[in-house]
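Below is one structure, written out as structure tokens, with a few remarks after it.
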Amino acid sequence: MPRELLKGNVAIAEAAIRAGLEAYFGYPITPQTEILEHFARRMPELGRAFVQAESEVAAINMVYGAACTGVRVMSTSSSPGMSLMMEGLSYIMGTEIPVVLVNVMRGGPGLGNIAPSQGDYNQAVHGGGHGDYNPIVLAPSTVQEAIDMTVLSFDLAERYRTACIVIADGSIGQMMEPAELPPMQPVKRKDWEWATNGAIGRERRILSSIYIEPAEEEVANLRMFKRWQEIQKNEVRYKEYHLEDADFVVVGFGTAGRVALSAVRTARQQGIKVGLLRPITVNPFPYDVLDELSKRAQAFLVVEMNMGQMLNDVQLAVKGRVPVEFYGRPGGVVPFPDEILSEIQRVATTDLQVVSDPRHAWYERMVEYLK
Amino acid sequence: MATLIKPENLVYQRPEAFTEFPTHYCPGCTHGVAHRLIAEVLDEMKIIDRTIGVAPVGCSVFAYNYFDCDFVEAAHGRAPAMATGIKRVLPDRVVFTYQGDGDLASIGMAEIMHAAGRGENITVIFINNAIYGMTSGQMAPTSLPGMKTTSSPLGRDVEIHGYPLRMSEILANLDGAGYIARRSLHDPKNIRMAKKAIRIAFETQVRGLGFAMVELLSTCPTNWGITPLESLTWLEEHMIPAYPLGDYKVAPGVAEIK
């Protein structure tokens with residue numbers, strides 16, 4: 001397909017349609033509303049289901065119902081709306097059915113604002129709904145990646161009977177850049193062996209997240225974890241930049257990772273041996289790659305557009321071998337490359353200690369920086 | 001058992017739409033009657049194999065065990081949203097929800113209102129027993145003024161808790177509603193009328209005439225703290241005056257079925 005100038009939100013919606021999306025249920029919220037608007041026009045003209053729900057609570061439960069029939073279904077929202085979907089997400093994970101969600105993240109907590117943020121990393125990656133569950137979480141840094149990950153999400157969700165969440169910073173949804181959409185796939189309604197689509201000529205089926213016997217719920221939890229281990233083994237995705245000889249490793253996902261790459265390239269020109277690891281799947285997280293890097297790197301710098309959420313996962317992988325430093329811009333602020341460059345220079349020239357929470361020192365620097 | 005009875009003498013048997021799973025309901029509870037009426041209607045209409053049920057949270061949380069069709073289990077109050085998702089992708093299937101008063105009229109108020117408002121082509125069976133059964137007897141949005149529950153121990157004080165919600169009257173105001181009726185399960189005559197209403201509610205869906213709901217006044221002897229027989233009398237004497245029986249919405253197309 002030709003490259004076109006595409007807005008992230010529109011690209012995500014059209015990519016889902018071309019991946020065979022049969023039903024969309026959503027609710028307007030900035031900065032993801034263009035996704036809903038694109039579906040509002042396109043889905044009916046293709047004879048597919050579209051409902052603007054009365055709330056995100058209703059939308060996720062419409063998704064839950066449609067997913068039980070085995071069709072490709074999705075919803076999209078932005079941070080406050082995603083919070084409302086956490087109930088439904090927990091039920092979906094407990095029922096073990098495929099669903100795709102996109103969170104075009106904005107500044108928080110609370111009503112916050114409508115600027116780009118990565119404040120929902122923990123909500124997506126480390127739960128958000130009740131109970132133990134592990135969705136696959138993908139983090140695009142470009143419009144092209146947002147397209148590719150949306151398509152991939154449907155395959156992953158079906159392969160593992162799980163929810164797959166794309167967390168796109170508000171900037172990914174709102175910006176336009178050249179990208180290539182995939183060709184239109186025909187809608188292939190699969191007759192899954194678990195789908196509740198009417199017991200015509202077969203035994204009836206029940207889809208539920210209820211296991212009233214604790215021992216059975218325990219077995220279900222263990223079964224889901226085994227599947228998660230399989231996902232961890234097969235589906236870790238990331239991108240490496242200039243890491244071959246790196247003494248210092250920057251880790252950032254999505255927009256933060258993209259901005260950090262500019263800083264890394266400038267630092268390289270200045271002779272600093274620094275590279276970037278940009279997780280594509282933030283769940284499963286590339287622990288093993290970071291584990292290996294921590295055996296030869298002198299220090300890590302985690303850059304996020306939040307108060308330090310992925311930071312904990314990097315620390316888990318590095319295991320205290322070398323210092324892990326943090327630089328974040330929370331609340332809807334996007335860092336400039338020169339801010340990250342200063343941090344790289346600081347990390348490369350300072351005698352750093354391993355500390356349990358590098359955010360305290362970062363906070364002191366931030367207070368100074370914002371004066 | 002059935003083999004001992006000559007076919008010509010057989011007047012009562014398990015509907016085919018039922019599984020052989022024994023129900024978990026308390027003695028004297030009218031959930032069993034409501035279930036049976038639905039099963040008989042599904043049998044008579046010969047639609048059980050293309051029916052998909054949506055079970056609620058509440059006493060009837062295990063409803064999926066008893067009907068011999070595909071079933072899903074919704075979160076508390078969300079059954080109409082889940083049914084919407086199913087019906088929109090499988091319009092030729094028959095989709096029904098079975099919900100209690102806490103589920104439908106309290107936590108699921110938004111979902112039921114908008115499902116009806118959209119004219120969602122689903123059938124809702126609404127069990128109104130004026131109390132939360134599964135959590136053991138708390139005040140429901142349909143509890144009567146003065147009614148004692150574990151969360152209104154001195155009786156429902158309308159100054160504090162406000163007034164009961166009459167869902168059939170409320171939903172009948174919406175253009176999307178095709179058929180809205182309230183019936184009672186307290187005696188044989190009313191049970192027969194309830195079955196007829198349930199039949200119309202499923203016919204409404206099969207003919208694509210919009211949202212259909214039958215509200216069934218029901219008993220909860222366990223949490224009302226009286227015997228099953230006293231419960232039937234209490235329903236008749238106290239609930240029917242507060243929740244008058246009748247058809248609240250019969251769209252023109254539905255009137256032709258009747």
Side-chain angles (χ1 to χ4, degrees), chain A residues 21-25 27 43 47-73 75 84 86-92 94-95 97 99 129-130 187 189 194-212, chain B residues 17-19 21 24 42 46-57 61-95 97 107-120 122 134:
Chain A
L21 181 76
E22 280 203 68
Y24 173 87
F25 307 95
Y27 187 83
M43 294 296 272
R48 307 184 193 181
F50 168 89
V51 177
Q52 178 173 325
E54 59 270 30
S55 69
E56 289 89 347
V57 175
I60 190 73
N61 283 286
M62 292 174 189
V63 166
Y64 185 17
C68 287
T69 71
V71 303
R72 289 195 159 185
V73 56
S75 188
L84 287 174
M86 288 300 112
E87 176 199 52
L89 177 61
S90 173
Y91 279 73
I92 286 163
T95 309
I97 49 170
V99 158
H130 57 283
V187 171
R189 191 173 285 190
W194 46 263
T196 50
N197 49 9
I200 297 172
R202 61 158 170 79
E203 288 291 299
R204 78 200 193 94
R205 295 170 184 153
I206 297 168
L207 281 174
S208 165
S209 64
I210 195 170
Y211 296 91
I212 203 71
Chain B
F18 264 162
T19 64
F21 210 99
H24 68 286
L42 295 175
K46 296 185 172 59
I47 54 173
I48 186 69
D49 58 346
R50 61 188 179 101
T51 295
I52 302 169
V54 185
V57 170
V61 66
F62 297 121
Y64 55 76
N65 282 325
Y66 311 133
F67 294 94
D68 195 16
C69 61
D70 278 5
F71 241 95
V72 297
E73 168 59 50
H76 197 22
R78 319 292 177 225
M82 228 180 153
T84 298
I86 297 169
K87 188 73 181 181
R88 291 289 179 123
V89 295
L90 298 174
D92 61 338
R93 298 295 193 269
V94 177
V95 182
T97 73
I107 197 167
M109 184 56 111
E111 285 76 14
I112 195 69
M113 288 290 283
H114 285 271
R118 285 190 303 268
E120 216 57 68
I122 59 172
M134 191 169 72

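Everything numeric here is computed off the predicted structure, so don't read it as measured data. All heavy atoms count here, side chains included; hydrogens, waters and symmetry mates do not. Numbers restart at 1 for each chain; the letters A, B, ... are given by sequence-line order, proteins then strands.
- Between chain A and the options B:Asp92, B:Thr84, B:Leu90, B:Thr19, heavy-atom pairs under 4.5 Å are most frequent for B:Leu90.
- Taking 4.5 Å as the limit, some side-chain heavy atom of B:Phe62 sits within range of a side-chain heavy atom of A:Ile210.
- Looking at residues two or more places apart in sequence or on another chain, you find a side-chain hydrogen bond (donor to acceptor under 3.5 Å, both in side chains) between B:Asp70 and A:Arg202.
- Proximity to chain B is limited to the side chain of A:Val71, based on heavy atoms less than 4.5 angstrom apart.
- For B:Val61, the part lying near chain A is the side chain, with the backbone staying farther off; criterion is any non-hydrogen pair under 4.5 Å.
- B:Ala81 and A:Ala58 get closest at one heavy-atom pair: CB-O, 3.6 Å.
- Both the backbone and the side chain of A:Tyr64 come within contact range of chain B, each with at least one heavy atom under 4.5 Å from a heavy atom of that chain.
- Between A:Cys68 and B:Met82, the closest heavy-atom pair is SG-CE, 3.8 Å.
- With a 4.5 Å cut-off on side-chain heavy atoms, A:Ile60 and B:Arg78 do not count as touching.
- Considering every non-hydrogen atom in both B:Ile52 and A:Gly198, the closest pair reads CD1-N, 3.7 Å.
- Both the backbone and the side chain of B:Ile86 come within less than 4.5 Å of a heavy atom in chain A.
- Contacts of B:Ala74 with chain A are made by backbone atoms alone, with heavy-atom separations under 4.5 Å and no side-chain atom involved.
- Rounding to the nearest 0.5 Å gives a distance of 9.5 Å between CD1 of A:Ile212 and NE2 of B:His24.
- Using a 4.5 Å heavy-atom cutoff, the side chains of A:Ile206 and B:Glu73 are not in contact.
- Contact count versus chain B (heavy atoms, under 4.5 Å) is highest, among A:Ala53, A:Ala49, A:Ala66, A:Ser208, for A:Ala66.
- Distance CD1/B:Ile48 to CD1/A:Ile200: 11.5 Å, rounded to 0.5 Å.
- Going from atom CZ of B:Arg88 over to atom CD of A:Glu22 covers 14.5 Å, rounded to the nearest 0.5 Å.
- In this structure, B:Arg93 and A:Thr196 have side chains that are not in contact, with every pair of non-hydrogen atoms separated by 4.5 Å or more.
- Contact annotation for A:Ala59: neither backbone nor side-chain heavy atoms come within less than 4.5 Å of a heavy atom of chain B.
- In this structure B:Arg118 satisfies the salt bridge (charged side-chain N to carboxylate O under 4.0 Å, His left out) test together with A:Glu54, B:Glu120, sequence neighbours excluded.
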